[in-house]
Structures are given as structure tokens and as C-alpha cells.
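For reference, the structure is listed below as C-alpha cells.
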Amino acid sequence: MGRNNLTWVSEFVLLGLSGDWQTQAGLFVLFGATYLLTLLGNGLILVLVRLDSRLQLPMYFFLGNLSVVDICYTSSGVPQMLAHFLLEKKTISSARCGTQHFFSLALGGTEFLLLAAMAYDRYVAVCDPLRYAAVMGLRLCAGLAAVSWLVGLANAAVETAVTVRLPTCGRHVLNHVACETLALVRLACVDVTLNQAVILASSVVVLLVPCCLVALSYARIVAAVLRIRSSAGRRKAFGTCASHLTVVSMSYGMALVTYMQPRATASAEQDKVVVLFYAVVTPMLNPLIYSLRNKEIKAALTRVLTRSSESKW
């Protein structure tokens, strides 16, 4: 195909989830409520970590970073999706599409890497508790968080650069709810071998490698816990990891199934489910999982509310 026939579009039309008005109105209410819960839940985690001195620990430092990622990630796409539920024609400019694509990739990759850092934190807490404070110092925690953010941003920059440059030869209808990598690649009218290689490399860097590190950390944690003779001690040790392990299983599970499978088996509808899961469901559930299963978070909330009520009097 000649270079002159390779055209780029100025805007895309998103098909979304449904064309039925009543269905879209219902989805607007459902996802709008979920978005508010996400902001409130993660915002509460940030406030508690900031105000309660007893939460000035490595675990809650990473949890605070995770809450920032969740707030930003869900805000990068959900408000637009809510607006589109109220519009007959769902359009987005190419520039805005590329921006959304970059931030969703950057924040998603950062979350996977932060979960790996949190797994290492749990490994040190269970397997080397006497040296925990010395090992998990401020410098190491800040370094792990910084690497997570920088690798997430760098990965997103590379993948976005090779994706937004793809010509579509006039095709501009995205069968998706957002500007997602696979949906954009499907519109391309040129060879996408490079894009497929970049997607695979990206999946290895921000998904497979962190997942292997998490698996290694928990393999050692399980081995250490099984050496504890008392059942109460084993329950306590597992209890310190339960919330994180739940979030890890939820986050890595669907991503591995989706992005590490052969491209021929991938479908647009499956991609929509994955994006909705990570943009809507996961950011809402993360603070609920950590707060409901964490006695320190509950105690911190009680202390903050108590101080607030006392100050009024």
C-alpha cells in the first residue's frame, strides 16, 4: 500500500457497551456510583495513612501509592465513559485518545509493579521480622515506589508511541469503551508485527516478571509459615498477607489470561470486560479489601473519627 493511502483520523467513534438508551442510563447510574465509591474509599485510605502516625509503616506507604494509582487510573477513563452513556454519538479526538491510552497504560503498569513491591514487603515481614525495620527503610521503600512509577511511565511511553502512529486508512470506529491498545491495533491498515512485539515485551516487563516475583515471595512466605508450630502463629502470619494476596490474585489473574494468550484468540468483547474490570471494579474493591480485612486500618479510622468528634466539643 502506498504511503499516500495511509491516512490518520482526527477523531474516533467508540461503540461502547450498548446502543440502547435505557441500558446506557442504567450503566450510567451503576458506574457513576462505583466511581464515587472508588474516590471515597481510596481517598479515605490516603487520609488515614497521612493523619495516623501508627500507619507510618512501609506496608501503608505502598498502600497509599496504590490508592493514588487507583484514583488516577479510574479518573483517566471513567468520567469520559459516563459522559458517553448520555450521548448518542461517542467521539474522542485522536490527541485525547492518545493521552488516555498513555495514562491508562502507565498507571496499570505501575499498579502491577507496586503489588510486587508490596509482596516483597510482606516477605520481609514474615520471613525476617527481626530485621524488618532495618531492611524496609525509607530509602528502599521510596526507591521501590519510584522504580514502579518510572518503569510504568517508560513502558507506557514506548507502547503509546508505536500505537498512535498506526494509520487506519480512514477507519475510525473503535469497538471499545476506551482507547485501548488492542482496539487501536485492530484498526490499523499496515503490518502490526512491531506492535505485537512491543505488546508482548510490555506484558513481560510489567506483568509476567512482577507476577513471578510475587509468586517467589509467597512461595517463601508459605514455606516460612509452615515451619511455625502453633496454629495461632500460622493464622497470624497468613493474616498479614491475606488482603494483599486477594488483591494480587484479582489483579494478575485476568491480566495474565488476557495479555499472555495468543492474539488469534483475543476478542473485542473480552477486551471490554478486562478494561471495565481494571478501570471500575478493581479500584473500588482494593480499599474495601484492605479496610475490611485489616484491623490497623479499622483502628486508625476509629482514632481519626474520635479525634474529630472531640475537637468539635
Side-chain angles (χ1 to χ4, degrees), residues 1-17 73 76-78 80-81 84 89-112 151-211 251-280 282:
M1 181 176 290
R3 178 73 182 178
N4 293 334
N5 294 325
L6 300 181
T7 57
W8 288 259
V9 296
S10 60
E11 70 174 18
F12 293 98
V13 176
L14 300 170
L15 293 183
L17 294 175
Y73 184 59
S76 69
V78 173
Q80 173 201 271
M81 184 170 60
H84 281 174
K89 188 176 183 181
K90 306 167 178 60
T91 61
I92 182 172
S93 68
S94 297
R96 188 175 175 186
C97 183
T99 302
Q100 182 189 84
H101 181 262
F102 170 78
F103 281 108
S104 64
L105 284 175
L107 294 164
T110 299
E111 177 158 351
F112 288 133
V151 172
L153 289 169
N155 171 73
V158 172
E159 191 165 339
T160 300
V162 299
T163 301
V164 298
R165 57 173 280 279
L166 289 172
T168 62
C169 300
R171 292 183 291 182
H172 67 289
V173 179
L174 281 174
N175 184 15
H176 217 286
V177 297
C179 292
E180 195 268 343
T181 300
L182 299 180
L184 291 168
V185 169
R186 288 191 184 98
L187 283 186
C189 57
V190 294
D191 181 64
V192 294
T193 301
L194 173 61
N195 297 82
Q196 292 174 339
V198 170
I199 291 171
L200 179 60
S202 173
S203 299
V204 170
V205 171
V206 302
L207 181 58
L208 189 59
V209 170
C211 185
S251 298
Y252 283 112
M254 185 175 290
L256 284 171
V257 170
T258 301
Y259 288 100
M260 300 306 293
Q261 68 176 323
R263 292 293 98 208
T265 64
S267 69
E269 298 306 315
Q270 182 180 347
D271 291 343
K272 290 182 186 180
V273 172
V274 172
V275 168
L276 288 173
F277 181 81
Y278 286 111
V280 179
T282 301

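Just so you know, these numbers use all the heavy atoms, side chains as well, and skip hydrogens, waters and symmetry mates. We count residues from 1, following the sequence as given.
Here OG1 of Thr160 is found 5.0 Å from NE2 of His101. Values are rounded to the nearest 0.5 Å. Note: Ile92 CD1 to Phe12 CZ = 9.0 Å, rounded to the nearest 0.5 Å. Note that the SG atom of Cys179 and the CG atom of Leu184 stand 5.5 Å from one another [nearest 0.5 Å]. Rounded to the nearest 0.5 angstrom, His84 NE2 and Leu17 CG are separated by 12.0 Å. Atoms OG1 and OH, on Thr282 and Tyr73 in that order, are 8.5 Å from each other to the nearest 0.5 Å. To the nearest 0.5 Å, atom CG of residue Leu14 and atom OG1 of residue Thr91 are 8.0 Å apart.
Scanning for side chain to side chain donor-acceptor pair (under 3.5 Å) contacts around Glu159 gives Thr181, Ser202, with sequence neighbours left out. The side chain to side chain contact (heavy atoms under 4.5 Å, CB included) check on Val162 picks up Leu194, Asn195, Val198, with sequence neighbours excluded.
Residues Glu11 and Ser94 approach most closely at N-OG, 3.5 Å, considering heavy atoms. Considering all non-hydrogen atoms of both residues, Ala156 and Leu105 come closest at CB-CB, 3.7 Å. Contact between Leu153 and Ala106 at its shortest, heavy atoms only, is CD2-CB, 3.8 Å. Gly109 and Val206 make their closest contact through CA-CB, 4.1 Å (heavy atoms, listed as atom of the first residue, atom of the second, distance).
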*Could you go step by step and tell me if Leu276 and Met81 meet the side chain to side chain contact (heavy atoms under 4.5 Å, CB included) rule?*
CA-CA 10 Å; Leu276 288 173; Met81 184 170 60; 3.6 Å; yes
*Taking it one step at a time, do Leu187 and Leu166 satisfy side chain to side chain contact (heavy atoms under 4.5 Å, CB included)?*
CA-CA 8 Å; Leu187 283 186; Leu166 289 172; over 6 Å; no
*Take Val204 and Val209, measure what side chain to side chain contact (heavy atoms under 4.5 Å, CB included) needs, and give me the verdict at the end.*
CA-CA 6 Å; Val204 170; Val209 170; 4.1 Å; yes
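Applying the 6.0 Å contact sphere to CZ of Phe103 captures no more than 12 heavy atoms from other residues, nucleotides or ligands.
Screening residues 102-111 for side-chain hydrogen bond (donor to acceptor under 3.5 Å, both in side chains), with sequence neighbours left out, gives Glu111-Asn286.
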